[in-house]
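Below: the structure, in structure tokens.
Labels below follow one simple rule: chain letters A, B, ... track the order of the sequence lines, proteins then strands, and each chain is numbered from 1. Values below: every heavy atom of this structure, side chains too, minus hydrogens, waters and symmetry copies. In this text, all values refer to a predicted model and were calculated from it rather than measured experimentally.
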Amino acid sequence: MSKVRVRFAPSPTGGLHLGGVRTVLYNYLFAKNKGGEFIVRIEDTDQTRFVPGAEQYIFDCLKWCGIEPDESPVHGGAYGPYRQSERKEQGIYKQYAEQLLQNGQAYYAFDTPEELDKMRNDFKTAENPSPQYDQHVRMKMKNSLSLTEAETKALLDAGTKNVVRIKMPEHEVVQFTDMIRGDIQNETNLVDDKVLLKADGMPTYHLAVVVDDYLMKITHAFRGEEWLPSAPVHVLLWKYLFGLDNMPQWAHLPLILGPSGKLSKRDGAKYGFPVFAMNWTDPKTNELTEGFKEKGFLPEAFINLLALLGWNAGTEQELFTKAALIELFSIDRVHSGGAKFDYEKAKWFNQEWIKKLPIKNYELIIKNEFAAKGISITDDAAFEKVLELVKDRCTLLPDFYTQAVFFFKTPEQLDIEAVKPKWNSDKAAFFSSWIEKLQTLTAWDFATIEESFKALATEKNIKPGELQLPFRIMLVGGKFGPPVFEIAATIGKEETVKRITNALSQF
RNA sequence: GCCGCGUUGGUCAAGGGGUUAAGACGCCUCCCUUUCACGGAGGAAUCACGGGUUCGAAUCCCGUACGUGGUACCA
């Protein structure tokens with residue numbers, strides 16, 4: 001069997017959302033599992049939707065996810081060019097359209113957009129709210145089927161704007177086997193005469209995907225479920241142009257759903273979770289859509305959670321490295337039903353990966369965040385120790401800041417309400433004399449501090465437990481964080497005493 | 001409307017004729033911890049509905065409902 005080659009074919013029109021990344025991921029995992037190649041092809045056939053920066057953005061996202069293409073417009077390869085706009089320049093698509101034309105499998109259509117609108121309007125009925133350009137209406141339209149040969153020729157010679165449409169056969173059943181869904185059948189009567197070549201000479205997706213998959217020797221084609229209805233067009237094109245034997249095996253991936261229907265960037269804004277892999281700012285509207293990266297997700301967690309949205313290993317394991325995913329991935333364990341995206345679970349994956357990975361892996365990101373908030377870290381070793389201390393309490397990367405700032409900065413606000421109800425002069429006295437005792441301490445470590453604290457508490461006849469919360473508020477400012485004595489040991493004697501003194505004046 | 005695809009707890013899901021219907025997230029209770037977490041122990045599903053087939057159906061078949069996608073010179 002020939003070498004497995006798969007492709008991810010995004011159109012550079014905006015941000016890369018969850019579903020898109022999952023499609024890339026499944027492509028990639030499948031290819032790598034089979035020792036095959038992963039290609040990225042840019043489907044920029046719609047010039048009206050061109051968005052500057054979108055292509056670069058896609059590659060940035062892939063890089064962040066750790067998914068490197070074997071071939072692409074930026075990585076090169078033997079089957080280029082990898083942008084359809086460039087392929088069109090070479091006349092690649094036109095020749096195939098002409099072949100179809102010659103064989104009577106396609107025809108010229110001269111209808112203007114206005115005429116198409118009119119048709120849709122005229123034929124619209126309650127039973128048929130959206131009439132298609134198909135066998136029922138095509139003879140009533142202006143095309144090389146309804147016109148005489150001479151009329152067509154005249155129109156063509158005059159340079160009249162035209163498109164090439166596929167002529168869907170009547171009463172045929174188009175069948176193919178989907179790797180995920182099995183046997184799929186469609187009646188040709190029900191599908192319309194899709195445009196293959198647009199008036200500007202660009203191919204539509206339908207022609208381009210077939211031609212390019214053939215030319216690039218694609219063996220397995222993954223795409224979203226939304227393509228299922230037009231699959232018969234592609235199958236027919238394969239039959240006409242290159243033979244069904246050469247057709248890649250199709251896999252139509254289930255949709256990723258949001259809280260209400262297909263996941264959209266609107267959902268993200270509405271419910272407060274990211275939908276794109278990385279931050280994306282629309283150059284036209286300047287509208288920012290949040291990304292998982294900037295939200296504080298680890299790429300390891302991101303691909304892990306995406307992989308599990310529609311696939312599972314069939315075991316209880318849920319945490320997988322990229323290498324493990326490559327090893328275990330198999331298409332027959334991919335679900336056919338859509339999955340609703342659950343942000344809570346996504347966060348859990350991230351938390352697990354934060355615990356799992358060495359601090360070194362993401363230390364720099366956190367350090368930058370501290371710097372951005374005005375705290376420059378000079379002692380890396382000490383910083384790492386602090387991060388280690390708080391990592392169990394963090395689900396997203398920015399949590400490290402809130403969980404660890406107080407190690408580097410005296411808290412500005414103390415949660416006084418937490419101590420007030422049980423605060424009294426005895427306790428105040430305890431801390432006053434403890435400060436004095438602390439000054440005499442020669443060692444400064446966890447055990448020594450705790451010992452001193454408990455000894456004095458016993459002496460003063462106060463339960464140590466009743467003093468711990470106030471002490472925590474003094475050092476941290478709130479009811480959270482690692483063990484108090486650990487904190488005191490880390491921030492040092494001088495700072496500890498300073499914070500107690502400062503708090504005492506506020507309680 | 002028509003066509004396609006789907007439907008196991010709130011969510012992700014295992015299981016594909018005989019099971020006490022796994023597990024995870026989230027939620028709730030408890031333990032640990034005199035903070036918050038982590039960790040641990042528990043709690044919650046008549047497998048969308050209705051008909052079949054079968055000794056027996058979450059599992060196979062048909063229908064219905066619901067969801068979702070498509071119905072563009074967008075991908």
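For the contact set between residues 115-140 of chain A and RNA chain B, defined by any heavy atom under 4.0 Å, the members are L116(A), R120(A), A126(A), E127(A), N128(A), P129(A), S130(A), P131(A), Q132(A). Of the residues in residues 396-417 of chain A, not one places a heavy atom less than 4.0 Å from an atom of RNA chain B.
Not a single donor-acceptor contact under 3.5 angstrom links the side-chain atoms of R181(A) to the base of C5(B).
Using a 4.0 Å heavy-atom criterion, one finds that D200(A) contacts no nucleic acid atom at all. Within 4.0 Å (heavy atoms only), A199(A) reaches at least one base atom of the nucleic acid. T45(A) comes within 4.0 angstrom of sugar-phosphate atoms only, judged by non-hydrogen atoms across all strands, and of no base.
For V195(A), taking side-chain heavy atoms from C-beta onward, the closest of the listed nucleotides C73(B), G4(B), U34(B) is C73(B). Among the nucleotides A75(B), C73(B), C5(B), the one closest to the side chain of R165(A) is C73(B). Counting only heavy atoms from C-beta on, L190(A) has its side chain closest to C3(B) among C3(B), G23(B), A75(B). Minimum atom distance to the side chain of K194(A) is reached by U71(B), of the listed U11(B), U71(B), C5(B). Here the nucleotide nearest the side chain of L228(A), chosen from C5(B), C74(B), U34(B), is C5(B).
K270(A) meets the side-chain hydrogen bond (donor to acceptor under 3.5 Å, both in side chains) test with no other residue; sequence neighbours excluded. Checked against side-chain hydrogen bond (donor to acceptor under 3.5 Å, both in side chains), W434(A) has the following partners two or more places apart in sequence or in another chain: S452(A). Partners of K124(A) under the salt bridge (charged side-chain N to carboxylate O under 4.0 Å, His left out) rule, at least two apart in sequence or in another chain, do not exist in this structure. Under the rule for a side-chain hydrogen bond (donor to acceptor under 3.5 Å, both in side chains), E287(A) has no partner lying at least two apart in sequence or in another chain.
An OP1 or OP2 oxygen of C36(B) is reached within less than 4.0 angstrom by no side-chain nitrogen or oxygen of R472(A). For the OP1/OP2 pair of C74(B) and a distance below 4.0 Å, the side-chain nitrogens and oxygens of K198(A) include at least one atom meeting the criterion.
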Contacts under 3.5 angstrom, residues 167-183 of chain A side chains, donor-acceptor by atom type, not counting sequence neighbours:
| from | atom 1 | to | atom 2 | distance (Å) |
| --- | --- | --- | --- | --- |
| H171(A) | ND1 | N189(A) | OD1 | 3.4 |
| D178(A) | OD1 | I180(A) | N | 2.8 |
| D178(A) | OD1 | R181(A) | N | 2.9 |
| D178(A) | OD2 | H252(A) | N | 2.9 |
| D178(A) | OD2 | H252(A) | ND1 | 2.7 |
| R181(A) | NE | H252(A) | O | 3.1 |
| R181(A) | NH1 | E225(A) | OE2 | 3.1 |
| R181(A) | NH1 | S336(A) | O | 3.3 |
| R181(A) | NH2 | E225(A) | OE2 | 3.3 |
| R181(A) | NH2 | H252(A) | O | 2.9 |
| D183(A) | OD2 | Q185(A) | NE2 | 3.0 |

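Between A58(B) and U19(B), the two C1' atoms lie 11 Å apart (nearest whole Å).
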List every contact pair, protein side and nucleotides 39-42 of chain B side both N or O, where the distance is under 3.5 Å.
| from | atom 1 | to | atom 2 | distance (Å) |
| --- | --- | --- | --- | --- |
| G39(B) | OP1 | K355(A) | NZ | 3.2 |

Output a table of nitrogen or oxygen pairs between the protein and nucleotides 59-65 of chain B separated by less than 3.5 Å.
none

Between the protein and nucleotides 14-16 of chain B, which nitrogen or oxygen pairs come in under 3.5 angstrom?
| from | atom 1 | to | atom 2 | distance (Å) |
| --- | --- | --- | --- | --- |
| A14(B) | OP1 | N312(A) | ND2 | 2.8 |
| A14(B) | OP1 | H335(A) | NE2 | 3.1 |
| A14(B) | OP2 | H335(A) | NE2 | 2.7 |
| A14(B) | O3' | R333(A) | NH2 | 3.4 |
| G15(B) | OP1 | R333(A) | NH1 | 3.3 |
| G15(B) | OP1 | R333(A) | NH2 | 3.4 |

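Checked against the 6.0 Å centroid threshold, F292(A) and F302(A) count as a close aromatic pair.
Within the structure, salt bridge (charged side-chain N to carboxylate O under 4.0 Å, His left out) contacts touching residues 465-490 of chain A (residues at least two apart or in different chains) are K427(A)-E466(A).
Rounded to whole Å, atom P of C5(B) lies 17 Å from atom CE of M179(A).
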Problem set entry | Paired and unpaired positions of RNA chain B as dot-bracket, Watson-Crick or G-U wobble under 3.5 Å, | denoting a partner strand | ((((((((.[[[..)..(....]]].(((((.......)))))....[[[[[..)....]]]]])))))))....
